[in-house]
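The analysis underlying the following values was restricted to heavy atoms, covering all of them including side chains, and did not include hydrogens, waters or symmetry mates. Order of the sequence lines fixes the chain letters, A, B, ..., with proteins taken first and strands second; residue numbering starts at 1 for each chain.
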Amino acid sequence: MGDGSALLRGLNPEQYAAVTLPAEAALILAGAGSGKTRVLTTRIAWLLQTSQVSIGGVMAVTFTNKAAKEMLTRLSAMLPVNVRGMWIGTFHGLCNRFLRAHWKQAGLPQSFQILDAGDTLSAVKRVIKALKLDEERFVPKQVNWFIAGAKENGQRPKDVPVHDGQTQTMVEIYQAYEDQCQREGVVDFAELMLRTYELMRDDAALREHYRRRFRHILVDEFQDTNRLQYAWLKMFAAPDASVLAVGDDDQSIYAFRGAQVGNMADFEREFRVKQVIKLERNYRSFGNILDSANHLIGHNSRRLGKTLRTEAGPGEPVRVQENASDFSEAQWILEEAQQLHRSGVARKEIALLYRSNAQSRVIESALFNAGIPYRVYGGLRFFERAEVKHALAYLRLIENCNDDTSYLRVVNFPTRGIGARTLEQLQDAARQTGRSLWQSVGAVGGKGGANLVAFNGLIDGMRNATLGLTLREIIEHMLERSGLIDFYRTEKEGADRIENLEELVNAAEAFVTQEGFGKDAVALPVDEFGPGQLSDGAAAGLPNAVAAVDLTPDAETGEIMSPLAAFLTHAALEAGDNQAQAGQDAIQLMTVHSAKGLEFDAVFITGLEEGLFPHENAMSDADGLEEERRLMYVAITRARQRLYLSFCQTRMLHGQTRYNVKSRFFDELPESALKWLTPRNQGFGSGFAREYQQAWERGSGLNSVVGAGRNNGWQPPAPPPVPAAMVAAQAKASGHGLKVGQGVFHNKFGEGVVITLEGTGEDARAQVRFGRHGPKWLALSIAKLTLVD
DNA sequence: CTGGCTACCGTTTTT
DNA sequence: CGGTAGCCAG
């Protein structure tokens, strides 16, 4: 097919080496901005073009749909290849594909449905209720976490070690939950992985089949894999398989949800990796930004070791801004961002990053009041919206009437005279006979029972009436017959919801087109073992077709899912975008976590305060702090040209004013790369408190204290009230001369800020928030505190 | 069944 | 402080 040399043009030596590795296990340590995706896709293209593998013989796994799509898009731009036949997708997407093909062996119904996070939680709640357990003692969220955790350790209920009564009951809930899911024909996300793993583990013939088939396996973001995902990989990959694991231990920020960075070292050992290739040349950021990132991450131990470098020159210094309050921080950001915009930076190239979602509020209101377009990531996703979930529940009942989760969601929505008492009876009856709610309607008498029968009739009617219709027609019919449209037409805020339901019809239409459900659609062959034939995908009228969910036929019968079932799967596996107005040029607001993988011309990292970033809940152990540091590393490396770091002396959190110390991360950055925009204070709090008070008394508000000279015509809405704690402190200030907000120095704990004062004379005590030691109560007659101002 | 009230909670999240 | 979940009264 060719030597693939055209593909290799422009790669640097390390990238070239990675792309052209021999067929053996290898580990690529890919630094931020080092061209990781390019290496992955070029590797696949090169393998195909040099006929080392057929399209059926490649598997590439990612974590997000976005990453999978990007890989597919780039790949089809490189080669005229039918990407639909390739096993490129998310872990869960590939599991879904596998289980659709082997549903019988996996013990699932053919059209099993997938529970999203919300469905899973309500399913767990139902189990806890059914077992008549106390929700105080068995908190659904925690139980859910327990079950997911067990599954990610490969444990079924019988495998979970039990040492106490609490665990014993948790295991019983787990068992009952499993039974319920099985009865209803649904699986949660962890189950997709575990089922696949178990089937591969237990069925030698199947395992051999797939091991022989996938001659090249590529895994993206390897540092984020959990135990089960690694075990899963070992099932698909023979010990001598050509597995390319790509990852960056410095960007491991998901340990809190089970990711095991240690999988990288395990992989190196267990797969006998001969080559570890480091991609350290960064194509994204200027020198000062990379110096900062390198310097910071150097403070972590247990690294595989990697230093980013660039040939772009030092660029601008990293700008550091100290703010009096979160409020003035927001003002400063707004003004600075506006200035950037005026100087030619597109708004969508400006990112405002924060550690926790709660921080977005102040910034949002500042941007909103100033009328600057912005976009917040991380809200409700499309398929998670209540009205959309209602519609999907009807569709799921049409497909599978034993889906109790869906049944309960819509049996009385819109209301049709089926109250709590009726449902209680129905659930009791179902529980006793071990049947679904649908099957148990006969057991309920009276008016409620009649209404239940009528509801079943409604669903049956929909199923019959939509037989043979297109997906679009099915959904339109359901929206009318169910009464959803009518219901929202009369509701006051219903217009938006109706719009979303119409959008659902559009999404279905787009899905059908994309998946090739049209009249010319042809089921894919189950397996392709043939030699390196490049497919004729483009010729078949599927130019650059990017499949999110595929129509994997049953391995034996070759039967494929109905468009409806496939669409429901799609909805569960891909929750959709979280905010509209994507096209607009708007400033991007998001948590550091959701910024991973993205890049911007200008980045603001906000709220760099001890307790916030690094977050106090993460600082109990060294691992937690190191993860926070990696998070900071991820944040820094998002910036191409300009990076701002900012922190506040005071911040409103949970309705209380907190007095903060700047983040320890500032001490871990190279002074030479930084430029302080505000004078460097030795201590924090006291000077500010005084100035704030004076400004307040003058009636000029906070902005005149800090933002002097930076006002570009902006008018503050109203001066914020003086934090109550400060006012209280004025009165309480006594003999020792301390006030809340006062900066102090302690010989052992270092610099801190007084946050509470109590007692007088000998009894006087203060709570002081210290940088790395956190808040401490001190007896003022004993503790030697020096005032810092 | 709906709406209004209270109590509680508050790190990060994809599939 | 602000959001939400769950409960009770109308």
Practice prompt. Scan A:D188 against the nucleic acid and name what it touches under 4.0 Å (heavy atoms): base, sugar-phosphate only, or nothing.
Written response: nothing
Item to complete: Quick one: list whatever passes salt bridge (Lys or Arg N to Asp or Glu O under 4.0 Å) with A:R396, sequence neighbours left out.
Response: A:D119, A:D403
Discussion item. By the definition side chain to side chain contact (heavy atoms under 4.5 Å, CB included), identify the one residue from A:T606, A:L608, A:N323 that meets it with A:F647.
Written reply: A:L608
Item to complete: Scan for ring pair (Phe, Tyr, Trp, His ring centres under 6.0 Å) pairs involving residues 611-638 of chain A, sequence neighbours excluded, and state none if there are none.
Response: A:F613-A:F665
Response to the item:
Those residues at least two apart in sequence (or on a different chain) that pass side-chain hydrogen bond (donor to acceptor under 3.5 Å, both in side chains) with A:Q223 are A:E221
Output one line per pair: protein atom, nucleotide atom from nucleotides 5-10 of chain B, and distance, for all N/O pairs under 3.5 Å.
| unit_1 | atom_1 | unit_2 | atom_2 | d |
| --- | --- | --- | --- | --- |
| B:dG10 | N3 | A:H654 | ND1 | 3.0 |

Discussion item. B:dT11, OP1 or OP2 - any side-chain N/O from A:T591 closer than 4.0 Å?
Written reply: no
Worksheet item: Does A:R302 have any side-chain hydrogen bond (donor to acceptor under 3.5 Å, both in side chains) partners at least two apart in sequence or in another chain, and if so, which?
Response: A:D623
Worksheet entry | B:dT11 pyrimidine/purine six-ring stacking with A:H615, under 5.5 Å and 30° | yes
Practice prompt. Among the candidates B:dT13, B:dT15, B:dT11, find the nucleotide nearest to the side-chain atoms of A:R257.
Written response: B:dT13
Worksheet item: Say you pick atom C1' in B:dT12 and the same atom in C:dA5; how far apart are they, in whole Å?
Response: 23 Å
Worksheet item: Quick one: is A:N65 getting a side-chain N or O under 4.0 Å of the B:dT15 phosphate, OP1 or OP2?
Response: yes
Discussion item. Within the 4.0 Å heavy-atom criterion, would you say A:Y254 contacts the bases, only the backbone, or no part of the nucleic acid?
Written reply: sugar-phosphate
Would you tabulate the pairs of protein nitrogen or oxygen atoms and nucleotide nitrogen or oxygen atoms of nucleotides 5-10 of chain C closer than 3.5 angstrom?
none

Discussion item. I'd like to check, for A:F256, whether its ring lies over the base of B:dT12 with centroids under 5.5 Å apart and a plane angle smaller than 30°.
Written reply: yes
Discussion item. B:dC1, OP1 or OP2 - any side-chain N/O from A:N412 closer than 4.0 Å?
Written reply: yes
Worksheet item: Are A:R630 and A:D248 close enough for a salt bridge, meaning some N to O gap below 4.0 Å?
Response: no
Fill in: Given B:dT2, B:dT12, B:dT15, the nucleotide with the shortest approach to the side chain of A:H593
B:dT12
Worksheet item: Out of B:dT15, C:dG2, B:dT11, which nucleotide sits closest to the side chain of A:H92?
Response: B:dT15
